[in-house]
Amino acid sequence: MAKNLEHQFSMLVREIRKEYVGNGPKEITTKFIGSWAVSEMRGNLTNVEKFMITSAQGEDMVHETRTRFVKEIYKKPEVQLKFENLMDARVIRLFSDINIKEDIAMTVFVFDRPIEGKQGKQL
């Protein structure tokens, strides 16, 4: 059942990214480790961002904007509530970064209790 919950978590990440960013990652893999949910996302950049990163200044702009924007999205109470309802645990911290050249983003959600092995709630 943990694999199913990892899949549900990944789909929620995609749904939120699509809603707030305009497109979701092409691939998402989520793993639960203790109180962490670690989501790796590939294929995040839009065509405009891909064009922008052809210069060093553009690469820095896209990295900074993506990183800050994603963190702001996950601070929204309505977004946190979706993850908390799924996991039946409170989000207490979040770490996020993107490797622009490889188009791979990582987000680590830290919950207030262990989630590894949980079945979670059905959506």
Side-chain angles (χ1 to χ4, degrees):
M1 190 59 131
K3 288 288 182 206
N4 183 39
L5 186 57
E6 288 171 350
H7 177 73
Q8 288 179 41
F9 195 95
S10 293
M11 292 302 98
L12 182 55
V13 169
R14 176 174 279 124
E15 171 189 316
I16 287 167
R17 295 278 179 123
K18 193 169 187 174
E19 179 179 345
Y20 287 92
V21 180
N23 70 315
K26 289 179 177 44
E27 297 175 36
I28 303 176
T29 304
T30 299
K31 297 290 180 205
F32 299 141
I33 305 157
S35 61
W36 298 357
V38 180
S39 294
E40 176 187 57
M41 294 150 278
R42 295 174 180 269
N44 301 278
L45 300 177
T46 65
N47 289 336
V48 171
E49 290 170 325
K50 288 176 185 176
F51 174 75
M52 288 176 65
I53 66 172
T54 59
S55 73
Q57 184 181 13
E59 187 175 323
D60 290 343
M61 283 177 53
V62 170
H63 181 268
E64 177 69 17
T65 303
R66 274 275 177 166
T67 303
R68 290 180 73 196
F69 185 59
V70 165
K71 288 178 182 178
E72 289 301 314
I73 291 168
Y74 289 124
K75 285 181 184 175
K76 295 178 180 294
E78 63 273 18
V79 172
Q80 284 191 357
L81 189 60
K82 289 179 180 184
F83 287 100
E84 291 174 351
N85 285 340
L86 176 64
M87 303 310 297
D88 197 24
R90 196 169 63 81
V91 176
I92 58 171
R93 203 167 290 113
L94 181 114
F95 302 93
S96 186
D97 199 5
I98 186 167
N99 180 313
I100 297 298
K101 286 185 178 23
E102 295 183 39
D103 196 2
I104 298 172
M106 298 287 290
T107 301
V108 179
F109 300 81
V110 182
F111 291 91
D112 66 343
R113 61 178 167 262
I115 57 172
E116 188 174 21
K118 288 182 68 90
Q119 292 187 0
K121 296 180 177 180
Q122 292 298 316
L123 296 178

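Reckoned from all heavy atoms, side chains included, excluding hydrogens, waters and symmetry mates. Numbers here simply count residues along the sequence, with the first being 1.
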Flag the pair Asp97 / His63 as yes when at least one side-chain heavy-atom distance between them is below 4.5 Å, and no otherwise. yes
Quick one, Leu5 and Thr30 - any side-chain contact, counting heavy atoms below 4.5 Å? no
Do Asn47 and Lys50 come close enough that some side-chain heavy atom pair is under 4.5 Å? yes
Between Phe32 and Phe9, what is the ring plane arrangement, given parallel below 30°, perpendicular above 60°, and tilted in between? perpendicular
Pairwise distance OG1(Thr54) to CD(Glu49) - rounded to 0.5 angstrom: 12.5 Å
Can you name the closest pair of heavy atoms from Phe111 and Ala89 and give their distance? CD2-O, 3.7 Å
Euclidean distance, Ser39 OG relative to Glu6 CD, rounded to 0.5 Å: 9.5 Å
Please report the closest heavy-atom contact between Val38 and Ile33, naming both atoms and the distance. CG2-CD1, 4.1 Å
Do Ile53 and Met41 sit in one hydrophobic cluster, given that two such residues count as connected whenever their side-chain heavy atoms are within less than 4.5 Å of each other, even indirectly? no
Under 3.5 Å: donor-acceptor pair, side chain of Asp103, backbone of Asn44: yes
Could you tell me if the ring centre of Phe109 sits under 6.0 Å from that of Tyr74? yes
Which distance, rounded to the nearest 0.5 Å, do you find between the CG of Asn99 and the CZ of Arg66? 13.0 Å
Flag the pair Leu12 / Met87 as yes when at least one side-chain heavy-atom distance between them is below 4.5 Å, and no otherwise. no
Any donor-acceptor N or O pair under 3.5 Å, side chains Arg17, Thr107: yes
Verify side chain to side chain contact (heavy atoms under 4.5 Å, CB included) between Arg113 and Asp88, making sure each step is shown before the conclusion. CA-CA 9 Å; Arg113 61 178 167 262; Asp88 197 24; 4.0 Å; yes
Nearest heavy atoms of Ser96 and Thr67, plus distance in Å: O-CG2, 3.6 Å
Kindly work out whether a path of hydrophobic side-chain contacts (I/L/V/M/F/W/Y, heavy atoms less than 4.5 Å apart) joins Met11 to Val91. no
Measuring from atom CH2 of Trp36 to atom NZ of Lys31, what distance do you get when rounded to the nearest 0.5 angstrom? 16.0 Å
Looking at side-chain heavy atoms only, is the closest gap between Ile100 and Met61 below 4.5 Å? no
Would a distance-only check, ignoring hydrogens and angles, find a side-chain to backbone donor-acceptor pair under 3.5 Å from Glu27 to Gly43? no
Lys/Arg-Asp/Glu bridge criterion (N-O < 4.0 Å) met for Glu15, Lys18: no
Do the side chain of Arg14 and the main chain of Lys26 share a donor and acceptor less than 3.5 angstrom apart? yes
CZ/Arg68 to NZ/Lys71 distance, rounded to the nearest 0.5 angstrom? 9.5 Å
Does the side chain of Leu94 reach to within under 4.5 Å of the side chain of Gln80, using non-hydrogen atoms? no
Ile98 versus Val62: any side-chain heavy-atom pair under 4.5 Å? no
Any chance you could lay out the side chain to side chain contact (heavy atoms under 4.5 Å, CB included) test for Ile92 and Arg90, step after step, and finish with the verdict? CA-CA 6 Å; Ile92 58 171; Arg90 196 169 63 81; 3.5 Å; yes
Using 0.5 Å steps for rounding, measure from the CD atom of Glu19 to the NZ atom of Lys82. 5.0 Å
Same cluster or not: are Ile104 and Leu45 linked, directly or through other Ile, Leu, Val, Met, Phe, Trp or Tyr residues, by side-chain heavy atoms under 4.5 angstrom apart? no
Is it the case that atom CD in Glu78 sees more than 12 heavy atoms from other parts of the structure closer than 6.0 Å? yes
Derivation of the side chain to side chain contact (heavy atoms under 4.5 Å, CB included) call for Phe83 and Val13: CA-CA 9 Å; Phe83 287 100; Val13 169; 3.8 Å; yes
